[in-house]
Amino acid sequence: MSTKKALEENKNYKYGFETHLETSDFGFGLDETVIKKISNFKKEPKWLLDYRLRAFEYWKTLSEPTWAHVKYPKIDFQAVKYFSAPKSETEPKKSLDEVDPELLKTFDRLGIPLQEQKRISGVAVDVVFDSVSVGTTHQKELEKYGVVFCSFSEAVEKYPELIKKYLGTVVPYKDNFYAALNAAVFSDGSFAYIPEGVKCPLDLSTYFRINAKDTGQFERTLVIADKGASVNYLEGCTAPMRDENQLHAAVVELVTLEDAEIEYSTVQNWYPGSKEGKGGIYNFVTKRGKCLGARSKISWTQVEAGSAITWKYPSCLLVGAQSEGAFYSVAMTHDKMQADTGTKMIHVGPGTKSTIISKGISANQSVNTYRGQVKFMKTAKGARNYSQCDSMLVGDESSANTHPGIELLNNDVVIEHEASTTRLSEEQLFFLQSRGMDAEQAISLLVNGFCKDVFKTLPLEFSVEAVKLIEMKLENSVG
Amino acid sequence: MNLLEVKNLRAKIGNKEILKGLDLSIKPGETHIIMGPNGSGKSSLSKVLAGHPQFDEVSGEVLFESSFAMKNLFDWEAHERAHQGLFIAYQYPIEIPGISNRSFLEETLKAQCLAQGVDAPVGDEFDALIRNLSKHVGLTDDFLDRGLNQGFSGGEKKRNEMLQLLLLKPRLAILDETDSGLDVDAIKLISQAIQTYKTENPESSLIIITHYTKLIELVKPDQIHILANGKIEKSGGYEIADMIEKKGFNYSEVGK
């Protein structure tokens, strides 16, 4: 990319910088040796390596899913690096004070200060840089409440029983192509356990940063809320601007026991590629929560604002009686971006309830698809679902698709579905401007109006950031 | 001093010239009527003045009084023209689902108050104000909580425009065929709103674009203009309305 063009695009994507560090990686391509190296690097127990290898064997029998409404050249999985870490992170260290200053600077610049005195209060953060977790803040404070919050690798070492018990129980490696790939090569991610009856005193948060060239990020997150526990979990992510596409294939598993509650929010802002559609992240993610206990709740809120391609369906398995699942989503695509995103709500237990509110905004030549599946099993007597899928088109070259699906194995259920498509037009903007609002205020009002049902489910700081992000992207697309 | 001076105004969409050298002046407190056949450029005039982006070429001069000096209207962006006190009641008010009528009205008033450096009424104060005005134009409270103009009938949309007129108290209001498609009772309501606006804002001026002579009897204008073929063809008093009533717009053709 030429410097001038890079500067131009930088205005639109201020997280597009690259950190120059000495890195270690295991080279291109994937075979058993690479998986063994990853496992060995993390000093994993044998059962976990075996799990990875089983997943790898299975993955080799699969082919990439093609049913999504997205187009891209075939990925050469041997041209990807499956592990990359800053050299400094390959040495053992005791505390965040020992983190490479260059890394600290990077996260400062991303607005995630890690140093004790600069930290954001009220939020504990785990930061993942390429394939490794750099550090986790507020751990001591959380320990007082018995809350475990650490990198996945640390959890494997310290809490193997919990990992053994829950890993792959929500998203088995046989679930899909990318879940299998992730199970084989996952590097780092976050782990959280909220013990019985504890309302997590801080919001927990993971920030994912892809930095190294040609590298995929395959993180794994597992959050468990024990009986009566509750937690807010926030997730953010960014990557440098590059002309090549990069793969991000994560798996997130959530488990709630009786009366527990997890609210999981994501602001996804991976590099979306240039205006012409060059580069950007392929965001192929499997996220699922299992409401195992009665009356437990899992809610997904996602703001999808980045990535060249998003393929993602945060879902809920509603097993416990009267458990509740929710999916609130704003997916914004612009220029050549493509998103095929939505949710699955699988009602198993009696009296289970799910809510789906999806807002898709597509601008320029982008393609934005909502895909949903609501399934009521025989046992889900008296279950109910409410779905609302709204699309907003900006300009006349973008497109929106909606594929809601409902599957009924019993008739004792209540289903409500609403859908709409609107067009954000020059006329609407002009009307608001001619009533005294400047372009920024007008767009803000339009976006907020369209997305308010989703934004109001985000924690306040996140909501402010999300609104700004979407507004900025829309301004660039409209004006 | 005039409030508005339009001199030799021309506007094009593509190669088509829509306004072809239009002249018009209006003093503070005056009410002017503009009549004319379909396609004569009436709606384009209000859109050009408001700063609508659909025109490819605009020339001529439009001056607007601001702090006792005539300023070039085209130096201001659309929202700044609104801040200066220009208001258009649109012929086809746009629907914006998702934004409630209430929050639209609140944001609009806030933006204009901010520009004028005065405090905008908020909370209960705003609620009371807006409820009172709604009643005045014959809209019930539940309209406030619906999407902006969403599912409103033609008449309800026009009343909503009048509500905005009364709320924003502009210095120059252009009503673009506000009376078209309305029944007699609705026209009466609109004309009452116009009267209220004139009484409460005696220094403000009105340009009423209309096809019908009905409204003329109700608002008692200072001048009546015939707009045809992209310019003002004739200006005068009630006699013009009489002529049109009797002979239709061919009158102006005859007059040439």
Side-chain angles (χ1 to χ4, degrees), chain A residues 328-332 357-363 388-396 400 402 418-456 467 470-471 474-475 477-479, chain B residues 46-55 76-90 92-116 120 146-151 157 160-161 163-165 167-170 173-174 176:
Chain A
Y328 304 102
S329 170
V330 169
M332 157 101 204
I357 295 180
S358 162
K359 307 278 178 174
I361 304 173
S362 32
Q388 187 188 338
C389 309
D390 299 323
S391 306
M392 182 191 267
L393 296 168
V394 183
D396 46 21
T402 306
E418 290 177 41
S420 75
T421 303
T422 50
R423 194 176 282 281
L424 184 146
S425 61
E426 216 178 29
E427 284 295 328
Q428 291 178 334
L429 272 181
F430 170 71
F431 176 76
L432 297 177
Q433 284 171 279
S434 80
R435 287 292 182 262
M437 292 174 221
D438 62 24
E440 222 167 285
Q441 288 169 311
I443 286 174
S444 161
L445 191 63
L446 286 164
V447 170
N448 273 304
F450 184 69
C451 303
K452 61 175 182 270
D453 293 341
V454 173
F455 286 156
K456 74 182 179 203
V467 173
I470 300 287
E471 278 172 18
L474 256 183
E475 264 167 56
S477 300
V478 176
Chain B
S46 55
K47 283 184 179 172
V48 166
L49 294 182
H52 195 287
Q54 80 179 120
F55 300 95
W76 298 318
E77 288 186 51
H79 67 280
E80 293 167 322
R81 298 181 198 186
H83 297 166
Q84 290 292 337
L86 178 65
F87 176 91
I88 317 289
Y90 291 97
Y92 303 109
I94 197 150
E95 293 191 17
I96 309 184
I99 302 178
S100 77
N101 213 14
R102 182 193 304 272
S103 58
F104 160 72
L105 293 166
E106 196 165 5
E107 288 303 315
T108 303
L109 185 62
K110 221 189 274 174
Q112 296 223 7
C113 285
L114 188 73
Q116 265 115 46
R146 283 166 53 181
L148 174 55
N149 290 325
Q150 194 183 5
K157 284 181 184 169
N160 203 14
E161 295 289 284
L163 171 61
Q164 291 159 50
L165 172 79
L167 177 71
L168 299 174
K169 305 182 189 315
I174 304 177
D176 188 1

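Quick note on labels: first sequence line is chain A, next is B, and so on, each numbered from 1.
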(message) Within the 4.5 Å heavy-atom criterion, are A/F450 and A/V330 side-chain neighbours or not?
(response) no
(message) Given heavy-atom pairs under 4.5 angstrom as the criterion, report whether the side chain, backbone, both or neither of B/L168 touches chain A.
(response) side chain
(message) Between A/Q441 and chain B, with a heavy-atom cut-off of 4.5 Å, which part of the residue counts as in contact: side chain, backbone, both or neither?
(response) side chain
(request) Please flag which part of A/S434 lies under 4.5 Å from any non-hydrogen atom of chain B: side chain, backbone, both or neither. (result) both
(message) Please classify the contact between B/Q164 and chain A as side chain, backbone, both or neither, with a heavy-atom cut-off of under 4.5 Å.
(response) side chain
(request) Evaluate the side-chain proximity of A/D453 to A/Y328: yes if any heavy-atom separation is below 4.5 Å, no if none is. (result) no
(message) Please report whether the ring centroid of A/F431 lies less than 6.0 Å from that of B/F104.
(response) yes
(message) Within the supplied structure, the quantity of interest is the number of heavy atoms (other residues, nucleotides, ligands) at a distance under 6.0 Å from B/Y92 OH; does it exceed 12?
(response) no
(request) Carefully, step by step, assess A/T422 and B/E95 under the rule side chain to side chain contact (heavy atoms under 4.5 Å, CB included). (result) CA-CA 10 Å; A/T422 50; B/E95 293 191 17; over 6 Å; no
(request) Look at B/P53, B/P93, B/P170, B/A115 and state which one has the largest set of heavy-atom pairs under 4.5 Å with chain A. (result) B/P53
(message) At a 4.5 Å cut-off on heavy atoms, which part of A/E427 comes close to chain B: side chain, backbone, both, or neither?
(response) both
(message) Any heavy-atom pair between the side chains of A/L445 and A/M437 that's under 4.5 Å?
(response) yes
(request) Side chain from CB out, backbone as N, CA, C, O: work out which of these in B/L148 comes under 4.5 Å of a heavy atom of chain A, or both, or neither. (result) side chain
(request) Sort A/L446 into side chain, backbone, both or neither according to what part of it lies under 4.5 angstrom from a heavy atom of chain B. (result) both
